[in-house]
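In the text below, chain A, chain B and the rest are named by the order of the sequence lines, each starting its count at 1.
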Number of protein chains: 4
Amino acid sequence: MAQLQKSIDKRNALIKATIELVNNNGFHATPMSKIAKMANVSPATIYLYFENKQDLVNKTYIDVKTQYTHYAFDTYTDTMSVEQGFEVIWKRIADFKLNESENAMFLAQCDNTPIIDEPSLQEGIKHLQPLLDLWERGKQEGLIKDMSNYLLYAYAINPLSFLMMAQKRGAFQLDRTQIEDAYQSAWNSIKSK
Amino acid sequence: MAQLQKSIDKRNALIKATIELVNNNGFHATPMSKIAKMANVSPATIYLYFENKQDLVNKTYIDVKTQYTHYAFDTYTDTMSVEQGFEVIWKRIADFKLNESENAMFLAQCDNTPIIDEPSLQEGIKHLQPLLDLWERGKQEGLIKDMSNYLLYAYAINPLSFLMMAQKRGAFQLDRTQIEDAYQSAWNSIKSK
Amino acid sequence: MAQLQKSIDKRNALIKATIELVNNNGFHATPMSKIAKMANVSPATIYLYFENKQDLVNKTYIDVKTQYTHYAFDTYTDTMSVEQGFEVIWKRIADFKLNESENAMFLAQCDNTPIIDEPSLQEGIKHLQPLLDLWERGKQEGLIKDMSNYLLYAYAINPLSFLMMAQKRGAFQLDRTQIEDAYQSAWNSIKSK
Amino acid sequence: MAQLQKSIDKRNALIKATIELVNNNGFHATPMSKIAKMANVSPATIYLYFENKQDLVNKTYIDVKTQYTHYAFDTYTDTMSVEQGFEVIWKRIADFKLNESENAMFLAQCDNTPIIDEPSLQEGIKHLQPLLDLWERGKQEGLIKDMSNYLLYAYAINPLSFLMMAQKRGAFQLDRTQIEDAYQSAWNSIKSK
DNA sequence: AATGAATGAGAGTTCATTCAT
DNA sequence: CATGAATGAACTCTCATTCAT
């Protein structure tokens, strides 16, 4: 158990280092040796936990994406009303993107770049299902526009990524009232009528 | 003049090759030698037109960003009403993102990645001014929500990037009516009341 | 210990190869790949022992200069008389320059060329101190001309470099009696009266 | 004639640039393009005057060596006495090495480095003949030690090279009286008895 | 399980040289 | 005679990966 814990710690340290370095330097310009150094292990040790660099970044992506969705749905239950459920999920996502910006930035980079391979991208998407289910329910109840889920996501969720990047670059700072404004814009863009 | 034209052609070929290769492989995994080969020049020739790889990608970014904004504002004049002007610009941007998706993808990758240096990013932003001016006018006339321009951009424009990426990945296809839906969502998200 | 020895061996092999190749081809025209090949290591291995090519040649210079001065002062003690001490040192230097001509040639090339950086040149000079001390003693005792140490070195020691180069080029060969002649010339050029 | 003069000017400008750049950076790290730039010509133009880089540096060497010997023997005639002749030549050489130090440094670098090919080195040596003739005369008259000319050169002339380098590096400065000291050391080292 | 040393392959970049003009 | 543009070849250096320990 102690041994297992040590292993998990090392794996986590490697993933953490990967996120930080890829965020700051990009996937290129992030050598394995630097990841190893930041995680306080030997370069060779990485290969005990991951097959190669591609596998490391794929697994990191899935890890972070999983964290993201767990966080998003943590306080949601499907007994909530559509509107309430959407608000709960949206605000958790906003929290994640704005507070855990290291993780969120990493996802943004992966989602706009050909560094993650297709199977891993698919794997990452699966966990969003509860939100899609909620939207289906909303459409059936006539509360949400009968549009493609891609359109709903583009208008309701994706803007938060842009705001997160802008905030990270120091361009501006989102406060409480602005987040409320943003939520209203999100809801307005998908609600029926 | 013939010589000058040949030079311009070579520069353009290099920029085109850079866009295509970076889109498909990322900035890493795009060696200068491949760019040269695709542009039908020797690797050494690149260095007659650009200082180094960083300069090449910076200049490519500025070039594409300039094309993007020229395209966006081509049919717009500031004598148009706020709503009309916004529609004109939005639809041009949609055209660009969905039809010139190679260029648009390149911008998305650059904007979510640390590959472009700060001065070049700033340079690229400058050209968006007419849209920001339009929004200021809209705010004064009480037609557009009094929100940060970052919020307006996040909801009115940025979703198109997400849709472009999704379309590029073959996940779905935007048709005429969906674009109309998208425009309505965009306008709803920023219009006052 | 075995590992450490292997490391030292490799470093020495690299330094040896550097000397031989730079002597024959000059610093330019001595690619790292040839040094690596002659030392039976991969080019990449050089960079485990030296920061870059400049560092390699700097360190080689300091190494050889240190050997040179150790050799020169090996049989000298400051209890010797000035004349005896000078003879002992001079003959050791002559031995070094004429027998270890690979090393001596390397120093000559470095001292007449801008390939070694200033700090390393300074570092190399420090070790000559015992000779300068001897000369100071000689001046105080009225045995050695009261001239700048540079002049003393120019006439007493430096001619050996010229003779070494000439001999290396096969132009002529120094025998025992000529070395004795040379020593007399050296001593005559610095002795007082 | 005007045309011919322009050609000679260009050739001279190239040689001057070569000396300065090789002195400061070494033969390596002196690209043809920089030589061209400093001489205010196109890189291609160099090849109208010299076969290639090796030929350029060879010809530069011979040029400078010729200047050197012309300078050395300018005021000497073989009707002078041995001692007077030696003093005249020695002082001219001293003048050259200490005043025309750019040229002298270039020669020192070439003479301690494998950058000049053997035929050009031989060509350069030929012009020293008058000094060797003088020494032969001195030996026959019993005024100069019966030693190899290499030894005589090593002690009588070569120290000036060392002093020139030291002075160039700012280590010390030769004044009139020191030059007189140096001359005495030179003469003492070769004069018979 | 963990490593430091080692490396082959390949990266970005430079440069001596050529050639169409 | 002179050139600026072009380039193949070669350079220094890096890095993902392996392996003996």
Using Watson-Crick or G-U wobble pairs with both distances under 3.5 Å, give me DNA chain F in dot-bracket, 5' to 3', with [ ] for crossers and | for pairs to another strand. .||||||||||||||||||||
Heavy-atom contacts, protein to nucleotides 15-21 of chain E, under 4.0 Å, summarised as B (base), S (sugar-phosphate only) or - (none) per nt, yield BSBBB--
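- A ring-ring contact (aromatic ring centres under 6.0 Å, His included) check over residues 104-125 of chain C, counting only residues at least two apart or in different chains, returns nothing.
- No hydrogens or angles considered: a donor-acceptor pair under 3.5 Å links the side chains of C/Glu100 and C/Asn103.
- Evaluation of the ring-ring contact (aromatic ring centres under 6.0 Å, His included) test over residues 30-52 of chain B, restricted to residues two or more places apart or in two chains, returns none.
- Within 4.0 Å (heavy atoms only), D/Lys34 reaches no atom of the nucleic acid at all.
- For E/dA2, the OP1/OP2 oxygens have a side-chain nitrogen or oxygen of A/Lys10 closer than 4.0 Å.
- Residues passing the side-chain hydrogen bond (donor to acceptor under 3.5 Å, both in side chains) test with A/Asp55 are A/Lys59, sequence neighbours excluded.
- Nucleotide E/dA6 holds its C1' atom 13 Å from the CD1 atom of C/Ile46, rounded to whole Å.
- For the side-chain contact (heavy atoms from CB on, under 4.5 Å) test, residues two or more places apart in sequence or in another chain that qualify with B/Lys126 are B/Glu123.
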Quick one: side chains of residues 8-18 of chain C, donor-acceptor pairs under 3.5 Å with protein atoms, not counting sequence neighbours, listed by atom name and distance.
{"unit_1": "C/Asp9", "atom_1": "OD1", "unit_2": "C/Gln5", "atom_2": "NE2", "d": "2.9"}
{"unit_1": "C/Arg11", "atom_1": "NH2", "unit_2": "C/Asp63", "atom_2": "OD1", "d": "3.1"}
{"unit_1": "C/Thr18", "atom_1": "OG1", "unit_2": "C/Leu14", "atom_2": "O", "d": "2.8"}

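- Panel note: side chain B/Asn58, backbone B/Asp117; a donor-acceptor pair is recorded below 3.5 Å.
- What separates CD1 of B/Ile35 from C1' of E/dG12 is a distance of 11 Å, to the nearest Å.
- If you measure from atom CG of D/Leu48 to atom C1' of F/dT3, you get 9 Å, rounded to the nearest angstrom.
- Listed by first and then second residue, the ring-ring contact (aromatic ring centres under 6.0 Å, His included) pairs involving residues 9-46 of chain D are C/Phe27-D/His28, C/His28-D/Phe27 (not counting sequence neighbours).
- Contacts between residues 14-23 of chain A and DNA chain F, defined by a heavy-atom separation under 4.0 Å, are absent.
- In this structure, the NZ atom of D/Lys37 is 12 Å from the C1' atom of F/dG4, given to the nearest Å.
- Qualifying ring-ring contact (aromatic ring centres under 6.0 Å, His included) partners for D/Tyr68, counting only residues two or more places apart in sequence or in other chains: D/Phe96.
- Listed by chain and number, the residues in a side-chain contact (heavy atoms from CB on, under 4.5 Å) with A/Lys34 are A/Leu21, A/Pro31 (sequence neighbours excluded).
- Scored by the side-chain contact (heavy atoms from CB on, under 4.5 Å) test, D/Asn112 finds C/Ala108, C/Asn112, C/Met165 as partners (sequence neighbours excluded).
- At the heavy-atom level, D/Tyr49 lies under 4.0 Å from the strands shown only through sugar-phosphate atoms.
- As rounded to whole Å, 19 Å separates atom P of E/dG4 from atom CD1 of C/Ile8.
- Between C/Asn25 atom CG and F/dC11 atom C1' the separation is 15 Å, expressed in whole Å.
- What separates CZ of B/Arg11 from P of F/dA5 is a distance of 15 Å, to the nearest Å.
- Spacing between atom CZ of B/Phe50 and atom P of E/dT14 amounts to 15 Å, rounded to whole angstrom units.
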